[in-house]
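Note that ligands are numbered from 1 as they come in the structure, with each ligand's atoms numbered from 1 the same way. Throughout, numbering of the chain's residues begins at 1 and tracks the sequence. Keep in mind it's a predicted model, so treat the numbers as computed, not measured.
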Amino acid sequence: MAQPKPIKNVILMIPDGTSTSLLSAARWYQTYLDSTQTTLNIDPYVCGLVRTHSSDAPIGDSAPTTSCYVSGQPSQTSFVSTYPVATDHDLVPVDAARAYQPLATVLEAAKMLKHKSTGLVFTCEFPHATPADCSAHTYSRGKYGMIAPQMAHNHLDVVMGGGVKYLSENLQNDLKAAGYQIYLDDIQGFRNCSKAPVWALFGETSMPYWLEADPQKMPSLAEMTRKAISLLSQNQEGFFLMVEGSQVDWAAHANDAKNALIEFLEFDKACGEALNFAKKNGETVVVILPDHGTGAVTVGNTKSNHGYDKLPLKTIMSTIDNYQLSNWTMGEKLKAVDTTEWSQLMETYFGFSLQPAEISYLTTAKDYDKSPLPKEERKSNLPLYKMLSQIIYGRTYFGFTTFGHTIENVFLAVYHPQNDILKGVPTNIDVFNYLCRQLDLNGEMAQLTEDIYANHREVFKGYETKIDSLDKYHYRLTVKNKRNVLTADSYANYFTINNKKVDIESVIVYMDKNNTFYLPKKLRDYIELK
Ligand SMILES: [Zn+2]
């Protein structure tokens, strides 16, 4: 058989924190809502399970798990496409000398080596772990001040999702100067937009759960996916798009089954958009897989130890179908009023009232300021919205194993126009290699990392270098010799030589942990100019 031809477009779709057990529950919920809908869009393409884990732990965190899919190196909690620190319990080989080195991603390679357009679509805030994994580098996923400027300066063609407040005025100005259109909470602008490059953000922080969103003001994940594809596919060289169903994970962490199901079904609709495009286009591969499981939401709990085989679909689904808010939002509502109003509020939004014992249980939440118990005695208790989950889902047949992530293998679904499908139980590194093969990046990724994220001490060996801290996340490297002065700023996409600005295709990364700038090797040529 002939080798499959490299394809033109890659769409990577990640439903964050989707346990395999959720697929079945979500599909049945969809059928409950509409009896003609008995399959998910992804169903015909499910082809395996993926072994996903961190470099030092079998249960992964979002930052290192997607990092591995896009950069090929399992890493550790909080690391965003950055080489891990060696530990005494690593599950894969880790070279201690490379700790904190940024790792080039397939998105960066698609743009720099294959001249493809690149895009990110998600519903969390843009500097959150999964979109950041594709387009930024840090050892600390929470340091949005390091991540946001990298994303703004990484020449992305399409960015759509949440996080208006994280796109500072400075970053907006940089984007505008680079020719971007920016739409902030502007659905009309977003809908009328017909050309990249564009950033369209909705919601101060993340976008809301779809159940609680106003569809007049917010696009669905499917609409953003459709729009992103229509803009990115204008590039004759093709595109790389990552779409994240960000909040399956959040709902699963909250043990909020209804929102986990809805967020996953919304993600599946986005998969439908991508798959429809791919089937028509004929040169597009779609790879769909979660980064890890969360909560292991399923149907069948201790209430159904007996009689599980007699439960009608209606009995299983009708209770949760009546739930009108997330546990989180309900928790905030309860915190805002006196306990005497709690039962009525629960009746309104969840269709049942609270027992006196349930009310006293909820008042012991660690984040309930009006609690009769002193703070000290509540500090190891659950927050109110998680306690609420126990009460809300204790009335259903839904169950969870944890408020955290799980060790399970995650599902894999692939559409490929020539049927070059990754099958079986591949590792997270195998997924990366598959993506590289589709993009015709054979053995080029390690070289790209060495070329664009080289240690400044090696690049400027023999020269005088100095690092100044300009403000919290802004550092400047200055390199001098007799003739030339070169400066490089953290998270910028340019450097200066003798005060002249020179644009680069990648971003410059500074890691304070080892006081090191990671930048293109070719900068040495500039300092050596005669
Ligand atoms: Zn995750």
- Message: I need the full list of salt bridge (Lys or Arg N to Asp or Glu O under 4.0 Å) pairs touching residues 64-85, with sequence neighbours left out, sorted by first then second residue.
- Response: none
- Assess whether salt bridge (charged side-chain N to carboxylate O under 4.0 Å, His left out) is satisfied between Arg191 and Glu223, documenting all intermediate values. CA-CA 9 Å; Arg191 286 191 172 143; Glu223 183 179 359; 2.6 Å; yes
- Item | Set of residues satisfying ring-ring contact (aromatic ring centres under 6.0 Å, His included) with respect to Phe239, sequence neighbours excluded | Phe277
- Task: Using the six-membered ring wherever Trp is involved, compare the ring planes of Tyr510 and Phe517 and label them parallel, tilted or perpendicular (cut-offs 30° and 60°).
- Result: tilted
- Vertex the Zn ion (ligand 1): angle to OG of Ser62 and NE2 of His292, to 10°? 110°
- Report the name of the N/O/S atom of Asp16 located nearest to the Zn ion (ligand 1). OD1
- Closest Asp291 atom to the Zn ion (ligand 1) [N, O or S only]: OD2
